[in-house]
Amino acid sequence: MLKLQQIVKDYQAGDATVHALRGVSLTFRESEFVAILGHSGCGKTTLLRVLLGLETPDSGTVNGDKFRWTAVFQENRLLEGLDAEENLRFVLGANYNAAAAQALLEELGLGDVGKKKVRDYSGGMQRRLALARALLAPSDALALDEPFTGLDAENREAAMRAILRAAETKIVILSTHEELPIPVPCQIIEL
């Protein structure tokens, strides 16, 4: 179980204070899919960064630091001089499974990219590779920040199906300002 209790996080923007999170308390259970919905700037990314340990809250507690996380950030963070397989091998190391990787790349519409370098991919292709990398990495929890950016309807649905499979065995927390591409049974939190 992962618990946030009374999380507060503020930022300074010039002379102004931006209140990103104000007393947020949430509980996430194993094998649970949670969608965090809200407009841009409402604190979704900040919440994920606090969960991942990339931001320290000004006050409040996060219980669940034993979780192994994997993430899709707003930026794809790919190695652009490498192809899809090389990107996956680099991140997964000894955990790389060629058959599982190829099957997921096929499912996400990247099965025919061959040795094409990531720098030559479209934005949507890069996004799908970033998602594949996160889904294939060993983890207890998965944080997805706007994972459907740049994807058309068909690819959004394929990505959602792959994400739902991951939620069968781990906590999956997805933040988005958009409607989910297909109806899913999940906890929805609006920020």
Side-chain angles (χ1 to χ4, degrees), residues 1-2 28-36 44-45 47-55 62 64-152 154-176 180-182 184 186:
M1 184 182 320
L2 175 62
F28 306 100
R29 291 173 179 29
E30 291 181 34
S31 302
E32 181 176 36
F33 177 70
V34 178
I36 301 171
K44 300 182 306 292
T45 295
L47 178 62
L48 291 180
R49 289 181 59 80
V50 166
L51 285 168
L52 292 167
L54 300 173
E55 295 279 348
V62 178
D65 50 345
K66 293 183 171 94
F67 284 90
R68 293 176 306 158
W69 285 93
T70 188
V72 171
F73 297 95
Q74 286 186 357
E75 313 82 24
N76 292 320
R77 301 182 182 190
L78 298 168
L79 300 168
E80 294 192 358
L82 303 180
D83 63 29
E85 180 184 349
E86 291 167 333
N87 263 272
L88 295 176
R89 281 184 182 278
F90 181 84
V91 170
L92 299 172
N95 293 306
Y96 180 76
N97 176 317
Q102 187 59 39
L104 184 56
L105 291 174
E106 291 281 343
E107 180 180 2
L108 295 175
L110 296 173
D112 62 351
V113 294
K115 294 296 181 184
K116 185 178 182 179
K117 301 298 182 201
V118 168
R119 71 174 147 260
D120 298 324
Y121 285 17
S122 69
M125 291 170 71
Q126 290 184 14
R127 196 63 174 165
R128 288 177 278 154
L129 180 56
L131 180 60
R133 179 186 58 199
L135 291 170
L136 290 168
S139 68
D140 304 308
L142 179 61
L144 305 171
D145 197 356
E146 301 288 353
F148 307 119
T149 300
L151 303 186
D152 61 24
E154 181 180 338
N155 285 311
R156 287 167 46 97
E157 289 177 15
M160 189 74 240
R161 286 190 295 275
I163 291 166
L164 287 172
R165 264 196 325 281
E168 294 172 4
T169 59
K170 61 184 81 181
I171 295 171
V172 175
I173 303 170
L174 181 150
S175 78
T176 184
L180 295 176
I182 58 176
V184 295
C186 67

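Keep in mind that this is a model prediction, so the values were computed, not measured.
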Participant: What residues form a side chain to side chain donor-acceptor pair (under 3.5 Å) with R77, not counting sequence neighbours?
Facilitator: E75

Participant: What salt bridge (Lys or Arg N to Asp or Glu O under 4.0 Å) pairs are there with at least one residue in residues 79-95, not counting sequence neighbours?
Facilitator: D83-K115, E85-R89, E85-K115, E86-K117

Participant: Look only at the side chain of S31 and the backbone of E168, and say whether a donor-acceptor pair between them is shorter than 3.5 Å.
Facilitator: yes

Participant: Roughly how far, to the nearest 0.5 Å, is CD1 of I182 from CD of E157?
Facilitator: 6.5 Å

Participant: Distance check, rounded to the nearest 0.5 Å: K44 atom NZ versus I36 atom CD1?
Facilitator: 9.0 Å

Participant: For residues L79 and V118, determine if any side-chain heavy atom of one lies less than 4.5 Å from a side-chain heavy atom of the other.
Facilitator: no

Participant: Tell me which pairs pass salt bridge (Lys or Arg N to Asp or Glu O under 4.0 Å) where either residue lies in residues 128-142, with sequence neighbours left out.
Facilitator: R68-D140

Participant: On a heavy-atom basis, which atom in N76 and which in R127 lie closest, and how many Å separate them?
Facilitator: OD1-NH1, 2.8 Å

Participant: Looking at residues at least two apart in the chain, or sitting in another chain, which of them share a side chain to side chain donor-acceptor pair (under 3.5 Å) with T70?
Facilitator: none

Participant: Considering the options V72, L151, L136, which one meets the side chain to side chain contact (heavy atoms under 4.5 Å, CB included) requirement together with L131?
Facilitator: V72

Participant: Do F67 and K170 have side chains that get closer than 4.5 Å, going by heavy atoms?
Facilitator: no

Participant: As an exercise, state the distance from CG of L82 to CG of N87, rounded to the nearest 0.5 Å.
Facilitator: 5.0 Å

Participant: Nearest heavy-atom pair of L52 and A71: which atoms, and what distance?
Facilitator: CD1-CB, 4.0 Å

Participant: Could you give me the CA-CA distance, side-chain angles and deciding distance for L104 and R165, then say whether side-chain contact (heavy atoms from CB on, under 4.5 Å) is met?
Facilitator: CA-CA 11 Å; L104 184 56; R165 264 196 325 281; 4.2 Å; yes

Participant: Report yes if the side chains of Y121 and L78 come closer than 4.5 Å at any heavy-atom pair, otherwise no.
Facilitator: no

Participant: Any idea which heavy atoms bring L92 and P138 closest together, and the distance?
Facilitator: CD2-CD, 4.3 Å

Participant: Could you measure the distance from the CE atom of M125 to the CG atom of L108? Nearest 0.5 Å is fine.
Facilitator: 11.5 Å

Participant: Please give me the minimum heavy-atom distance between S139 and W69, naming the atom from each residue.
Facilitator: CB-C, 4.1 Å

Participant: Which is it for L174 and L180 under the side-chain contact (heavy atoms from CB on, under 4.5 Å) test, yes or no, and what are the steps along the way?
Facilitator: CA-CA 10 Å; L174 181 150; L180 295 176; 3.9 Å; yes

Participant: Can you give me the closest heavy-atom contact between L48 and S175, atom names plus distance?
Facilitator: CD1-OG, 3.6 Å

Participant: Go through T149 and T176 one step at a time and tell me if the side-chain contact (heavy atoms from CB on, under 4.5 Å) criterion holds.
Facilitator: CA-CA 9 Å; T149 300; T176 184; over 6 Å; no

Participant: If we only count heavy atoms from C-beta on, is the I163 to F33 side-chain gap below 4.5 Å?
Facilitator: yes

Participant: Mind checking what makes side chain to side chain donor-acceptor pair (under 3.5 Å) contact with Q102, not counting sequence neighbours?
Facilitator: E106

Participant: Taking all non-hydrogen atoms of both residues into account, name the closest pair between L88 and A132 and its distance.
Facilitator: CD2-C, 4.3 Å

Participant: Passes side-chain contact (heavy atoms from CB on, under 4.5 Å), L129 versus V113? Steps please.
Facilitator: CA-CA 11 Å; L129 180 56; V113 294; over 6 Å; no

Participant: Check side chain to side chain donor-acceptor pair (under 3.5 Å) between E32 and all other residues, then give those that pass, not counting sequence neighbours.
Facilitator: none

